[in-house]
Number of protein chains: 2
Amino acid sequence: MTGATDDVDDIVAAWRRERPDLDLGPLEVLSRVSRLARHLDLTRGETFAEHQLEGYEFDVLVALRRAGTPYQLSPGRLVQQTLVTSGTMTNRVDRLAARGLVTRSPDPDDRRGVIVTLTEAGKEVVDAAFSELLDRERRLLAGLSARERDQLARLLRSLLLPFEA
Amino acid sequence: MTGATDDVDDIVAAWRRERPDLDLGPLEVLSRVSRLARHLDLTRGETFAEHQLEGYEFDVLVALRRAGTPYQLSPGRLVQQTLVTSGTMTNRVDRLAARGLVTRSPDPDDRRGVIVTLTEAGKEVVDAAFSELLDRERRLLAGLSARERDQLARLLRSLLLPFEA
DNA sequence: CAAAAGTATCTGAACGTCGAGATATCTCAG
DNA sequence: CTGAGATATCTCGACGTTCAGATACTTTTG
């Protein structure tokens, strides 16, 4: 059994033919990261659709949910956790508030500030969707042993660290 | 020395506190993949800007470049390789053609078809940008040994395969 | 305490992507 | 050959994101 090849193997082979002078090593890892993330994004949508959620809505709800009681965060903190811009977060909170999944209220300690709170309805939706997402993702990882998953997590962490300085 | 922790460690710890009933294992791997990809996307933009390119333009040029002489692909093939929709590809080719980086011509063998060709100017731009991108990505991976990079590539490949069936 | 610098959030226009549908062409069974 | 279905590409309106700048408030400085 010769190990199966993926799209990135083809891409690297093509480059090796076209540019044998270049060290294509980085592609082996980082192209796979990008493509895998893209596939994950595309299929996550299926899970969310079952709960009448969009992916970007989920990202906000999930940040509020794991903050714990009373499920409150400022837009600024939500921006940090979701890696989007402040204008985007304003829009997202608007839409979620219109659907009754969060509320927006003034921060009593800082009159510039706003507090976004997960509603009970929002909590129910996000809990259901999150649990299903975990199930789905567990299936994606089923092909790896526990040891391999640990390795993978450890290696990815070390790539992630430089971005979080 | 206790290993450094990243954002995902914090996220998992928060979830463990909030939902000790759930198996959060998938997050350790897949959250890192998503966040890393997002960071890669954000910083890739810096490299491209030096060559007056946008990331989405680069994706198209690079697919044509590695196709080899005569650097031609149909919009359909470009769609497959870049994981975007056909409408998006039409727009991208429009913009690249307007900038003189590609040309669009009818396919002589299939009158429904179109052939997108990389111009000499397009080739020069993409070669310069690609080489610089590789340098930059190599630096990101410098913290890993060759053996670790291989491991990582192998594990990511096995996660990618199910999406490519 | 006043002025300057910093911070939190929102606004609005420009932009790229998507998704459904339209058009034109090709393929193949009958 | 003909008609049905498949295929390749494009059109276009809706949408979410970005970016720069505006606003309002807070903190720091002298």
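In what follows, every heavy atom counts, from backbone to side chain, and hydrogens, waters and symmetry copies are set aside. We name chains A, B, ... by the order of the sequence lines, and we start the count at 1 in each one.
Side-chain proximity of A/Pro75 to D/dG16, C/dT9, D/dC10: nearest is C/dT9. Considering only side-chain atoms of B/Thr90, the nucleotide from D/dC10, C/dT25, D/dT18 that sits closest is D/dC10. Of the candidates C/dT11, D/dC19, C/dC18, C/dC18 carries the atom nearest the B/Val84 side chain, counting heavy atoms from C-beta on. Nearest nucleotide to the B/Thr88 side chain, out of D/dT18, C/dT17, D/dC25: C/dT17.
Across the interface with DNA chain C, nearest-nucleotide mapping of A/Gly113 and A/Asp94 shows A/Gly113 to be the residue nearer the 5′ end. Two residues, B/Ser86 and B/Arg92, neighbour DNA chain C, and the one matched to the more 5' nucleotide by heavy-atom proximity is B/Arg92. When the nearest nucleotides of DNA chain D are assigned to B/Ser74 and B/Asn91 by heavy-atom distance, the more 5′-ward of the two goes with B/Ser74.
Between B/Leu83 atom CG and C/dT17 atom C1' there is a gap of 14 Å when expressed in whole angstrom units. Here the P atom of nucleotide D/dT17 and the CG atom of A/Leu78 are 13 Å apart, to the nearest Å. Atom CG of A/Leu42 is separated from atom P of C/dG19 by 9 Å (rounded to the nearest Å). Atoms CZ (B/Phe48) and P (C/dG16) sit 15 Å apart, rounded to a whole Å. Across the protein-nucleic acid pair, B/Met89 atom CE and C/dC18 atom P stand 10 Å apart, rounded to whole Å. Remark: C1' of C/dC10 and CG of A/Asp107 are 16 Å apart, rounded to the nearest angstrom. Per the geometry, CZ belonging to B/Arg111 stands 19 Å off P belonging to C/dT23, to the nearest Å. Computed from coordinates, the A/Glu54 CD to C/dT17 P distance equals 18 Å when rounded to whole Å.
Contact check, A/Arg38 against C/dT17: no side-chain N or O comes under 4.0 Å of OP1 or OP2. At the phosphate of D/dT7, neither OP1 nor OP2 sits under 4.0 Å from any side-chain N or O atom of B/Arg77.
Within 4.0 Å of A/Asp110, counting heavy atoms only, lie sugar-phosphate atoms of the nucleic acid but no base atom. Across all strands shown, B/Arg104 has heavy atoms under 4.0 Å from sugar-phosphate atoms exclusively, and none from any base. Residue A/Gly76 is classed as a sugar-phosphate contact, given heavy-atom separations below 4.0 Å to backbone atoms only.
Residue-environment remark: CZ (A/Arg77) stays at or below the threshold of 12 foreign heavy atoms within 6.0 Å.
Residues B/Arg35 and B/Asp6 are not paired through a salt bridge, judged by the lack of any N-O separation under 4.0 Å between the basic side chain and the carboxylate. Taking a cutoff of 4.0 Å between a charged side-chain nitrogen and a carboxylate oxygen, A/Glu18 and B/Arg65 qualify as a salt bridge. Salt-bridge formation is not detected for the pair B/Asp150/B/Arg147: no Lys NZ or Arg NE/NH1/NH2 atom is positioned less than 4.0 Å from an Asp or Glu carboxylate oxygen. B/Arg99 and B/Asp94 are not joined by a salt bridge, as no carboxylate oxygen comes within less than 4.0 angstrom of a charged side-chain nitrogen.
With hydrogens and angles ignored, a donor-acceptor pair closer than 3.5 Å exists between the side chain of A/Arg112 and the base of C/dT7.
Of the possible polar contacts, one joining the A/Arg17 side chain to the B/Arg66 backbone as a donor-acceptor pair under 3.5 Å is found.
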